[in-house]
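Structure first, commentary second.
Keep in mind that the numbers below use all heavy atoms, side chains included, and drop hydrogens, waters and symmetry copies. Naming convention: chains lettered A, B, ... in sequence-line order (proteins, then strands); numbering from 1 in each chain. None of the values given here were measured: they were computed from a predicted structure.
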2 protein chains.
Amino acid sequence: MRLLNHIGRLYTATAQGVLEDAALVIEGERIAWVGPAAPGPPEEVRLHIDGEVGCGGALVTPGLIDAHTHPVYAGDRMAEIARRSAGASYTEIAAMGGGIGATVAATRQASARELRVLVVERLGAWLRGGTTTVEAKTGYHLEREGELDALSILAELGLDPALPRVEPTFLGAHAVPPGKAPESFIDEVVTWCAPAAAAGARFCDVFCDEGYFSVPQSRKVLAAGRRAGLVPRIHADELAHSGGSMLAAEVGAQSADHLLYADGDDARALAEANVVATLAPGTALAMGRMPPAHTFLGAGVTVALGTDHNPGTCGATSMSLVIALAVAAFGLSVDEALTAATAGGARSLGLKDRGAVEAGKLADLVVWDAEHEGAFAWSYGLAPLKVLLGGRTAGR
Amino acid sequence: MRLLNHIGRLYTATAQGVLEDAALVIEGERIAWVGPAAPGPPEEVRLHIDGEVGCGGALVTPGLIDAHTHPVYAGDRMAEIARRSAGASYTEIAAMGGGIGATVAATRQASARELRVLVVERLGAWLRGGTTTVEAKTGYHLEREGELDALSILAELGLDPALPRVEPTFLGAHAVPPGKAPESFIDEVVTWCAPAAAAGARFCDVFCDEGYFSVPQSRKVLAAGRRAGLVPRIHADELAHSGGSMLAAEVGAQSADHLLYADGDDARALAEANVVATLAPGTALAMGRMPPAHTFLGAGVTVALGTDHNPGTCGATSMSLVIALAVAAFGLSVDEALTAATAGGARSLGLKDRGAVEAGKLADLVVWDAEHEGAFAWSYGLAPLKVLLGGRTAGR
């Protein structure tokens with residue numbers, strides 16, 4: 001057993017709140033004991049401690065959880081991003097060979113080995129920033145073999161002890177690929193759900209919105225996913241008030257994501273159906289519209305946060321930056337934002353073994369270069385001093 | 001002379017725009033030649049080249065310029081920031097000993113030596129992020145000796161070759177210190193202007209806004225500063241439409257800053273008087289109100305950007321993050337934001353020797369971990385591969 005000692009503030013993300021001058025004991029990959037640094041763990045625990053890490057009064061939190069990412073892609077779209085920022089229309093972007101089609105083309109051309117290297121690099125960046133669990137979607141192949149390969153890569157890398165834990169999501173219904181009609185493409189995607197589950201997917205996601213997939217089409221995919229054992233999650237009400245939140249409530253999705261156009265009725269429906277609202281401040285800023293975060297919290301909806309890392313709009317992998325943006329742009333308190341990035345993320349991913357500091361949970365922990373959680377709002381990207389993944393020091 | 005070769009894209013921040021496949025020659029601390037990598041510099045220049053740095057096709061820009069910062073302080077206010085995010089009022093914050101008064105107390109207690117160490121650490125962070133010039137204000141002593149010491153620290157550190165260049169601003173009129181009345185405090189500050197200039201200040205700034213200093217009080221300080229040789233700049237129209245922009249135009253300030261409540265009339269006045277609008281996206285987000293950036297650009301106002309680094313709201317030192325926020329939150333194009341963070345910053349500081357890549361300018365340059373400037377918007381904090389300060393490799 002190892003003692004993590006002299007924690008100035010331990011943000012538990014439980015009803016315990018913050019413990020000052022705390023310590024905790026790690027046994028194997030789990031937390032065995034949490035309590036005050038003085039007097040420290042009880043005698044029967046102390047006897048088994050064979051190592052101690054001092055935190056020098058620093059802030060310790062659960063490892064952060066990024067509940068919405070799209071990391072499996074090749075190529076980049078920086079020139080397109082610059083032109084779009086200058087007002088180029090989607091038609092102009094498409095004419096210059098840009099948009100999601102550009103990423104699909106580049107990703108299909110890359111070998112599984114090349115993709116794997118790119119995803120390893122990206123996951124490493126997440127971990128260095130203090131994120132220990134990453135939800136990760138496919139959706140840039142939009143053809144059977146590529147989607148399944150992407151899931152295999154994610155499932156395999158999620159077991160690599162040098163990388164964060166990964167929760168793979170099958171997002172075959174991310175967009176309509178070139179040369180296909182939406183309805184017949186959906187019928188194809190439906191047939192990929194069972195092999196997707198076999199390849200390692202835990203979730204099935206769909207982009208339910210104007211210009212993407214309709215509510216009936218989305219329902220069809222999520223039902224097929226459910227039959228294959230995949231838990232539904234959904235891109236909902238991001239571009240318009242198009243019915244995604246209500247569908248999420250209807251099918252009992254684990255999470256509804258983005259929700260820029262969701263309203264009070266949607267919030268109540270999500271709360272009743274126990275659907276987590278997973279919000280992405282970077283994307284909301286880029287879209288110029290904020291989700292009704294306080295309405296969700298007021299209705300009793302659990303809020304989670306994500307970077308929405310993707311090749312077209314956002315390269316961020318830092319959940320501590322996302323916390324700062326959620327405070328600045330959504331008006332969340334630091335406590336609400338940090339809970340959303342830990343316990344909320346665990347709920348969004350249906351994981352009971354992490355996202356909080358208490359005996360029995362995984363010892364996924366971050367010692368931060370700060371003494372108080374207010375530093376998340378101040379720093380716009382707080383640096384970890386040490387990241388523990390299942391009790392082991394991660395990274396360098 | 002040294003050749004910086006194989007620049008994939010050279011963002012000049014001049015009418016030249018972006019040069020692809022470029023190179024440049026550095027002589028001493030200045031840029032001597034800029035042009036295409038092939039055929040490269042003319043024979044008479046090439047003869048004198050005795051070193052070459054390859055950029056491997058990367059993006060190169062002028063060193064970024066942070067045109068608004070408050071880096072001379074001790075103590076931290078993280079607990080206050082967390083409480084404020086949860087809705088604590090200014091009265092409650094003051095009752096817990098928070099607010100600017102807390103920073104003033106901690107800063108007055110610190111020795112000049114302690115403060116110097118803190119400022120050195122902070123300036124190092126700016127440089128590592130690719131910022132080669134930092135405007136830096138005093139204003140956390142609010143008493144004569146402390147304000148002058150702060151200016152001496154800034155003036156001295158600005159000459160340290162391991163740190164970014166510093167442009168010191170005397171901000172004695174930052175807030176009314178405890179136990180003083182605004183009018184008599186202003187009369188004191190007026191008498192500090194000449195010694196402030198002697199201690200190294202280039203600019204005189206004042207917080208002209210509701211709850212801070214009135215337009216007549218601000219005018220008095222800026223006039224006294226001008227008599228002492230200090231160029232005026234001003235915190236204007238940040239908390240209310242309180243007349244700061246018009247005062248900036250009246251006195252011919254170099255820059256009016258924040259401007260969240262400025263309108264079209266203000267924009268026209270700033271344009272006519274050649275006052276730069278220095279905007280801080282982090283602060284605008286935290287205040288929940290955006291400055292009329294497009295109105296400024298449309299009226300012909302030069303826009304600059306700043307982190308507004310300060311102990312109470314924002315610890316960011318990354319101007320590449322500020323560029324991303326200016327694109328996301330202000331709707332600037334990448335080109336507009338990057339110009340604001342380079343050429344605009346130089347204008348905001350009245351410096352003709354930097355902020356652009358052309359022969360004769362200082363060789364303050366950043367080689368970025370990117371191939372296209374669109375990466376500034378995508379990355380939310382782009383990493384430099386190499387920072388050159390007056391032609392020398394800075395930092396590690």
Task: Reference residue B:Asp257; test side-chain contact (heavy atoms from CB on, under 4.5 Å); the match among B:Glu238, B:Glu135, B:Lys137 - done: B:Lys137
- [ ] Spell out the residues in residues 279-306 of chain A that have some non-hydrogen atom less than 4.5 Å away from a non-hydrogen atom of chain B, in order of number; otherwise answer 'none'.
- [x] A:Gly282, A:Leu285, A:Ala286
TODO: Could you label the plane-to-plane angle of the A:His235 and A:His174 rings as parallel, tilted or perpendicular, counting under 30° as parallel and over 60° as perpendicular?
DONE: tilted
TODO: Could you tell me whether the side chain of A:Asp369 and the main chain of A:Ala383 form a donor-acceptor pair under 3.5 Å?
DONE: no
Open item on the list: Quick one: does any side-chain atom of A:Arg77 pair with a main-chain N or O of B:Gly374 as donor and acceptor, under 3.5 Å?
Closed with: no
TODO: Flag the one option from B:Ala329, B:Ala377, B:Ser85, B:Ala82 with the top tally of heavy-atom pairs under 4.5 Å to chain A.
DONE: B:Ser85
- [ ] Check each atom of B:Leu332 against the heavy atoms of chain A and say whether the ones under 4.5 Å are side chain, backbone, both or neither.
- [x] backbone
Task: Exam field: side chain B:His309 to backbone B:Ala316, donor-acceptor pair closer than 3.5 Å - done: yes
Task: Short side-chain donor-acceptor distance under 3.5 Å, B:Asp66 and B:Thr131 - done: no
- [ ] Identify which part of A:Leu338 has an atom lying under 4.5 Å from any heavy atom of chain B, answering side chain, backbone, both or neither.
- [x] neither
- [ ] Determine, for B:Glu373 against B:Arg9, whether the closest basic-nitrogen to carboxylate-oxygen distance falls under 4.0 angstrom.
- [x] yes
- [ ] Output yes when a side-chain donor or acceptor of B:Ser379 lies under 3.5 Å from a complementary backbone atom of B:Gly381, and no otherwise.
- [x] no
TODO: Name the member of B:Leu321, B:Asp76, B:Val327 that forms the most heavy-atom pairs with chain A at distances under 4.5 Å.
DONE: B:Leu321
